[in-house]
Amino acid sequence: MAVNSSSSSSSPPDQYSAIITTTTTTPLSENNEENRNGFNYKKGVKNLIETAPEMKKLPPEFVLKLPRNPLSASNAEIPVIDLSGLVNGSPVECRVSTVQAISSASALWGFFRIVNHGIEARLIEEMVEEVEAFFSLSSEEKMRYASEDVMSPVRYGTSLNSSSKHALHWRDYLRHYGHPFQNSFHLWPNNPTKYRNVAKKYLTEIWQLAMRIIGAISEGLGLEPNYIENSLGEGCQILAANYYPPCPEPDKTLGLAPHSDHGALTILMQNGVNGLQVKHNDTWIVVPHVPNSFVVNLGDFLEILSNGKYKSVEHRAVVNAQKTRISLAVGHGPQQSTVIGPASPLIKENEEVQYRPITYKDYIRLQQSSTIRGKTALHALMTKT
Ligand SMILES: O=C(O)CCC(=O)C(=O)O
Ligand SMILES: [Fe+2]
């Protein structure tokens with residue numbers, strides 16, 4: 001089966017994701033939150049630019065060691081899939097051709113755009129409004145959700161994670177679990193007041209959409225349509241609401257370093273401001289915002305489950321000097337206690353299992369704690385290097 005060669009398991013970690021040294025001489029101190037320029041970086045980049053509105057130069061803590069022309073990317077066409085064929089009651093031949101389209105995009109690209117997905121534009125807008133309202137709160141209010149624990153069910157933070165061991169990234173984020181809601185709903189932000197209800201509605205619909213796509217992926221792999229969904233147990237949905245304010249020198253930093261997502265698949269929307277780039281055949285490709293569509297990308301769990309037949313895809317976020325960008329990335333994976341490994345019906349006689357077993361919880365911890373991104377966490381599980 002053809003695979004995306006850019007995410008080949010033997011490729012070295014991306015140059016941007018190697019530990020990035022900054023030009024500062026004083027590293028950010030773990031204990032002393034104020035750095036030498038008098039900013040408390042842990043409050044986030046939105047706070048930083050509000051505190052210093054005249055800032056023209058990027059503080060050195062954010063400057064990445066990038067090669068020349070690092071952020072260039074091409075505008076290749078990416079697959080667009082019409083999902084109306086997956087709706088209950090649609091003719092069998094429509095379902096078959098949609099499954100084929102998803103299967104081929106998964107094998108060749110690992111990401112695609114979906115249209116006619118059934119989620120109302122108004123709900124997407126409302127969710128973006130609530131997220132914007134959350135990030136507009138005072139730093140003190142947002143810091144109520146700050147946590148250094150990468151497994152915390154709700155977490156406000158900045159950069160890649162709150163570790164000081166890497167150059168900072170131009171991003172603030174709110175991450176929290178979604179489905180199954182009983183585990184975390186009561187912990188989500190209750191300010192803005194509508195946030196919990198809107199987020200629950202949005203995440204419920206996104207979960208159902210993800211399961212429809214996962215059913216098609218399962219079928220495309222030659223498994224029973226509900227095989228992958230069943231392997232998720234009660235499942236684990238995680239929202240990353242990312243906030244990238246205008247950046248004084250956007251070419252010197254990134255919003256988010258290249259990485260693959262840990263789950264089965266991520267459903268992502270951007271608020272009308274471009275910034276997402278995906279790696280395909282060793283080239284970065286701009287994924288433009290198209291109203292009423294989502295971007296879907298395959299994550300590490302699917303690469304593992306398919307024993308490498310599908311590859312998780314590396315992506316990154318660039319920033320710009322003019323507009324605030326918001327993205328909502330919703331990951332879908334198995335219940336955290338699940339031991340993840342290749343699906344046994346896919347392992348043919350004499351075929352080697354390519355990934356060592358690990359619980360999904362330990363895998364998330366491994367990936368999220370790392371200050372080196374790319375696909376290093378997945379590479380650590382591979383039986384052959
Ligand atoms: O902002 C984006 O477009 C990318 C976000 C992302 O990749 C993530 O949150 O995992
Ligand atoms: Fe991601």
Side-chain angles (χ1 to χ4, degrees), residues 6-7 14 16-17 44-46 71 73 78 109-114 124 127-128 131-132 135 150 154-162 169-178 202-203 206 210 236-247 250 253-280 284-290 293-303 311-320 323-333 363-364 367-370 372-378:
S6 67
S7 41
D14 187 278
Y16 309 122
S17 55
V45 277
K46 182 171 189 296
L71 302 177
I78 68 167
W109 293 77
F111 66 96
F112 44 90
R113 220 155 43 71
I114 51 170
I124 303 171
M127 183 63 190
V128 174
V131 164
E132 254 176 329
F135 283 105
V150 296
V154 179
R155 191 153 55 99
Y156 167 72
T158 189
S159 191
L160 274 184
N161 55 38
S162 304
H169 288 61
W170 198 260
R171 163 183 89 137
D172 296 338
Y173 62 85
L174 170 68
R175 286 172 71 93
H176 62 73
Y177 296 146
Y202 182 77
L203 292 173
I206 294 282
C236 173
Q237 185 186 40
I238 303 179
L239 164 73
N242 301 304
Y243 189 98
Y244 308 94
C247 175
T253 192
L254 279 166
L256 198 48
H259 66 284
S260 55
D261 294 339
H262 46 71
L265 60 83
T266 301
I267 299 185
L268 180 138
M269 65 81 44
Q270 351 186 28
N271 70 330
V273 181
N274 290 347
L276 176 63
Q277 298 183 351
V278 180
K279 203 177 189 187
H280 178 62
W284 287 105
I285 295 181
V286 174
V287 183
H289 160 78
V290 178
S293 71
F294 291 100
V295 177
V296 174
N297 67 265
L298 305 193
D300 297 342
F301 173 77
L302 257 187
E303 176 166 335
K311 302 289 186 196
S312 61
V313 69
E314 273 187 71
H315 51 286
R316 67 183 183 184
V318 298
V319 288
N320 75 83
K323 288 190 175 157
T324 294
R325 174 166 181 269
I326 290 177
S327 70
L328 304 178
V330 188
H332 302 84
Y363 187 65
I364 299 178
Q367 198 233 31
Q368 292 285 303
S369 309
S370 172
I372 308 172
R373 289 283 165 110
K375 291 181 71 168
T376 45
L378 190 68

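Numbering of ligands and ligand atoms starts at 1, following listing order. Keep in mind that the numbers below use all heavy atoms, side chains included, and drop hydrogens, waters and symmetry copies.
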Check whether [X] reaches the backbone of [Y] with its side chain - one donor and one acceptor, N or O, closer than 3.5 Å.
{"X": "Gln277", "Y": "Ala73", "result": "no"}
{"X": "Ser260", "Y": "Val313", "result": "no"}
{"X": "Arg171", "Y": "Ser159", "result": "yes"}
{"X": "Glu314", "Y": "Lys279", "result": "no"}
{"X": "Lys323", "Y": "Gly272", "result": "no"}
{"X": "His262", "Y": "Ile364", "result": "no"}

*Restricting to N, O or S atoms of Asp261, which is nearest to the Fe ion (ligand 2)?*
OD1
*If you look at His315, which of its N/O/S atoms is nearest to the Fe ion (ligand 2)?*
NE2
Enumerate the atoms of ligand 1 whose separation from the nearest heavy atom of [X] is less than 4.0 angstrom.
{"X": "Ala329", "result": "8 (C), 9 (O)"}
{"X": "Tyr244", "result": "1 (O), 2 (C), 4 (C), 5 (C)"}
{"X": "Ala240", "result": "9 (O)"}

Which residue and atom name correspond to the protein heavy atom nearest [atom], and how close is it?
{"atom": "atom 6 (C) of ligand 1", "value": "Leu256 CD2, 3.5 Å"}
{"atom": "atom 3 (O) of ligand 1", "value": "Arg325 NH2, 2.7 Å"}
{"atom": "atom 2 (C) of ligand 1", "value": "Ser327 OG, 3.3 Å"}
{"atom": "atom 10 (O) of ligand 1", "value": "His259 NE2, 3.1 Å"}

Can you tell me which portion of [X] lies within the under-4.0 Å heavy-atom range of ligand 1? Options are side chain, backbone, both, or neither.
{"X": "Leu268", "value": "side chain"}
{"X": "Tyr173", "value": "neither"}
{"X": "Gln270", "value": "neither"}

*In terms of the angle between their ring planes, are Tyr156 and Phe135 parallel, tilted or perpendicular, with boundaries placed at 30° and 60°?*
tilted
*For Asn242, is at least one N or O under 3.5 Å away from an N or O on ligand 1?*
yes
